[in-house]
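Only one structure is covered here, and it is reproduced in the block below.
Chain letters run A, B, ... following the sequence lines, proteins first and then strands; every chain starts at 1. Model, not experiment: these values are computed from the prediction.
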There are 2 protein chains.
Amino acid sequence: MQSDDGDEDTGHDEPAPKGTTLQERVYAELREAIMLGRFRPGEAMTIRGLADSLGTSMMPAREALRRLVAERALDLLPNRRVTVPTMTGEMFEELTEARVALEVLAARRAFPATDPAFADRLEAIDLEQDAAIEARDWALYQERNRAFHFELYERAPGRVLMPMIESLWLQIGPFLYLTRESLGRTYMEDRHKEAVAAIRSRDEDALALAIEQDIRDGMGGLPALIADQNAEGKSVEAVG
Amino acid sequence: MQSDDGDEDTGHDEPAPKGTTLQERVYAELREAIMLGRFRPGEAMTIRGLADSLGTSMMPAREALRRLVAERALDLLPNRRVTVPTMTGEMFEELTEARVALEVLAARRAFPATDPAFADRLEAIDLEQDAAIEARDWALYQERNRAFHFELYERAPGRVLMPMIESLWLQIGPFLYLTRESLGRTYMEDRHKEAVAAIRSRDEDALALAIEQDIRDGMGGLPALIADQNAEGKSVEAVG
DNA sequence: ACCGCATTACTGTGATCACATTGTGAGGCG
DNA sequence: CGCCTCACAATGTGATCACAGTAATGCGGT
């Protein structure tokens with residue numbers, strides 16, 4: 001598990017650290033895992049442990065962790081310990097409001113750059129999302145949902161809004177895995193179709209409304225699940 | 001610890017790294033300098049240079065720089081070079097919209113936690129700001145303006161909105177120094193008084209409107225100044 | 001058997017070194 | 001005289017080591 005022979009990493013399929021730094025690969029991998037809910041909230045992450053599990057030295061793991069802390073994806077306890085944030089109902093509500101404020105703004109800014117062709121592409125993504133629901137493929141469903149939103153927001157140029165929105169999604173990520181069982185009952189795809197229709201009919205306000213309601217619908221059921229998880233997890237991680 | 005004479009840094013007066021890490025001191029110092037506009041946009045910052053100027057090793061400087069990059073306070077060029085961001089009119093407009101969206105939301109969330117006593121404190125800050133204008137003390141003026149806003153926003157609990165707002169202020173910081181000469185013509189203190197009045201009359205919408213207009217007023221004149229600075233700076237930093 | 005304390009293992013922080021890449025300058029060739 | 005090329009300096013990245021604080025553990029005392 002050591003990097004003695006150069007750029008080959010053990011057990012993975014990344015071809016080469018060419019053009020990208022090792023730290024960035026670690027960061028990307030961690031970021032993905034966090035967004036997919038691979039880590040349990042409250043779980044502690046150590047520099048050496050992460051470095052070992054990825055076959056690198058401490059340095060890349062260290063910088064990746066600190067970067068994710070700076071982006072609020074991970075929590076830095078006063079003990080200098082880095083953990084996956086534990087979500088509370090209030091924080092989730094705050095994240096929802098922030099998402100609405102920023103993503104509605106991003107959608108409005110993207111609106112002038114949309115056209116029928118783009119609406120088609122968005123619709124295609126939404127159809128794939130519907131298919132993911134049919135197939136009960138939760139990971140694909142999340143991925144396509146993310147693609148739908150970001151494809152829209154990226155339509156507007158600028159490097160201010162997108163990083164902040166990504167940070168919000170990153171903060172929500174660790175708790176999104178709680179929605180796995182409730183996949184069937186989701187009805188937010190309606191909002192996506194409303195958004196596409198709004199683009200086609202050149203109605204910016206309707207687009208903004210669709211995005212806002214999509215966010216609120218999707219986030220609405222989470223606090224209860226968080227309460228559940230906190231209640232059931234109390235016996236397990238009460239040690240911390 | 002062998003930087004000639006131990007843990008003393010050269011030329012500064014920080015007493016001791018007690019309770020706080022060295023990296024955090026470097027970060028705080030850099031952050032303050034950026035907010036105060038001590039660095040010229042486009043200026044490159046090297047790890048070793050920063051480390052030397054602060055009398056530390058590369059490591060704290062390195063992590064502080066990367067953290068500020070993660071917070072969008074500094075720019076990471078594809079050359080892996082860290083520079084003070086160069087602002088464009090479009091980006092400034094984007095920052096303004098993001099500020100309005102987030103800070104209005106923060107003000108609304110803070111509103112229920114406000115009372116007459118808090119309004120008095122806010123008014124006191126605003127009076128100090130007025131005094132700073134009279135005294136032509138630009139630095140104090142900026143500091144009191146920041147205090148006014150953050151005092152209000154911090155009234156609401158939560159750890160989501162504040163870091164994002166701070167990041168926005170950090171991104172604006174490097175260009176705020178352009179407003180030094182135009183201090184006398186500012187009229188945004190009216191908005192602050194409107195905000196205080198809105199709190200006293202328990203009018204949340206009026207508070208939100210006052211904050212929004214305060215932001216727009218304060219940011220409105222900047223793009224022209226940015227254009228000026230770009231035009232005059234072209235002969236100097238055209239080398240980049 | 002339980003509680004208090006000292007020892008041990010572990011973690012983050014800071015420093016130093018080695019290397020690859022990039023930027024810069026001088027010198028040679030057309 | 002201008003452009004290209006090569007060498008040198010500087011920078012970021014990654015690795016390793018040393019130290020300090022903290023949590024976990026084992027031991028002895030009551």
Charged N to carboxylate O below 4.0 Å: is that the case for B/Glu90 and A/Arg109?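 Salt bridge between B/Glu90 and A/Arg109, a charged N being under 4.0 Å from a carboxylate O: no.
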Carboxylate-amine/guanidinium contact B/Arg80 A/Glu24, below 4.0 Å: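 Between A/Glu24 and B/Arg80 there is a salt bridge, with a charged N closer than 4.0 Å to a carboxylate O.
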Quantify the bending of the helix from C/dA1-D/dT30 to C/dG30-D/dC1 as the angle between its end axes, each fitted on five pairs, to 10°.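 For the helix from C/dA1-D/dT30 to C/dG30-D/dC1, the axes at opposite ends meet at about 10°.
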Calculate the interatomic distance between [X] atom [atom1] and [N] atom [atom2]; express it in whole Å.
{"X": "B/Met45", "N": "D/dT11", "atom1": "CE", "atom2": "P", "answer": "12 Å"}
{"X": "A/Gln23", "N": "C/dC19", "atom1": "CD", "atom2": "P", "answer": "21 Å"}
{"X": "A/Leu50", "N": "C/dC10", "atom1": "CG", "atom2": "C1'", "answer": "16 Å"}
{"X": "B/Ile47", "N": "C/dA15", "atom1": "CD1", "atom2": "P", "answer": "14 Å"}
{"X": "A/Arg80", "N": "C/dG12", "atom1": "CZ", "atom2": "P", "answer": "11 Å"}
{"X": "B/Leu76", "N": "C/dT21", "atom1": "CG", "atom2": "P", "answer": "17 Å"}
{"X": "B/Leu22", "N": "D/dG21", "atom1": "CG", "atom2": "C1'", "answer": "16 Å"}

How would you list, by chain and number, every residue that makes a salt bridge (charged side-chain N to carboxylate O under 4.0 Å, His left out) with A/Glu143, sequence neighbours excluded?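 A/Glu143 satisfies salt bridge (charged side-chain N to carboxylate O under 4.0 Å, His left out) with no residue once adjacent residues are dropped.
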Using a cut-off of strictly less than 4.0 Å, decide whether A/Asn79 has a side-chain nitrogen or oxygen near OP1 or OP2 of C/dT11.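 No, A/Asn79 has no side-chain N/O under 4.0 Å of OP1/OP2 on C/dT11.
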C/dG12 base / A/Arg81 side chain donor-acceptor hit below 3.5 Å: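 No.
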What I want to check is whether an N or O donor and acceptor connect the side chain of A/Arg48 with the base of C/dG12 at under 3.5 Å.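 Looking at the base of C/dG12, it does pair with a donor or acceptor on the side chain of A/Arg48 (distance under 3.5 Å).
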B/His149 side chain reached by B/Ile165 side chain, heavy atoms, under 4.5 Å: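 Not in contact.
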With side chains defined as the heavy atoms from C-beta onward, is the minimum distance between A/Thr56 and A/Arg25 less than 4.5 Å?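 In short, these two side chains do not touch, never coming nearer than 4.5 Å.
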Give me the residues of residues 57-70 of chain B where at least one heavy atom lies under 4.0 Å from an atom of DNA chain D, by number, or none.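 Going residue by residue through residues 57-70 of chain B, the ones with a heavy atom under 4.0 Å of DNA chain D turn out to be B/Met58, B/Arg62, B/Arg66.
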Using atom types as modelled and distance alone, determine if a side-chain donor or acceptor of B/Ser167 lies under 3.5 Å from a backbone N or O of B/Glu71.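 It does hold such a pair.
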For B/Thr114, is there any backbone N or O sitting under 3.5 Å from a side-chain donor or acceptor partner on B/Arg155?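 A pair under 3.5 Å: no.
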Let me know which of B/Glu151, B/Glu154, B/Glu128 forms a salt bridge (charged side-chain N to carboxylate O under 4.0 Å, His left out) with B/Arg121.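 Of B/Glu151, B/Glu154, B/Glu128, salt bridge (charged side-chain N to carboxylate O under 4.0 Å, His left out) with B/Arg121 is met by B/Glu151 alone.
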Matching residue for B/Arg216 among B/Glu97, B/Glu93, B/Glu103 - test: salt bridge (charged side-chain N to carboxylate O under 4.0 Å, His left out):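 Among the candidates, only B/Glu97 passes.
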Measuring from the side chain of A/Thr56 (C-beta onward, heavy atoms only), which nucleotide among D/dA15, C/dG12, C/dG14 has the closest atom?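 Closest nucleotide among those given: D/dA15.
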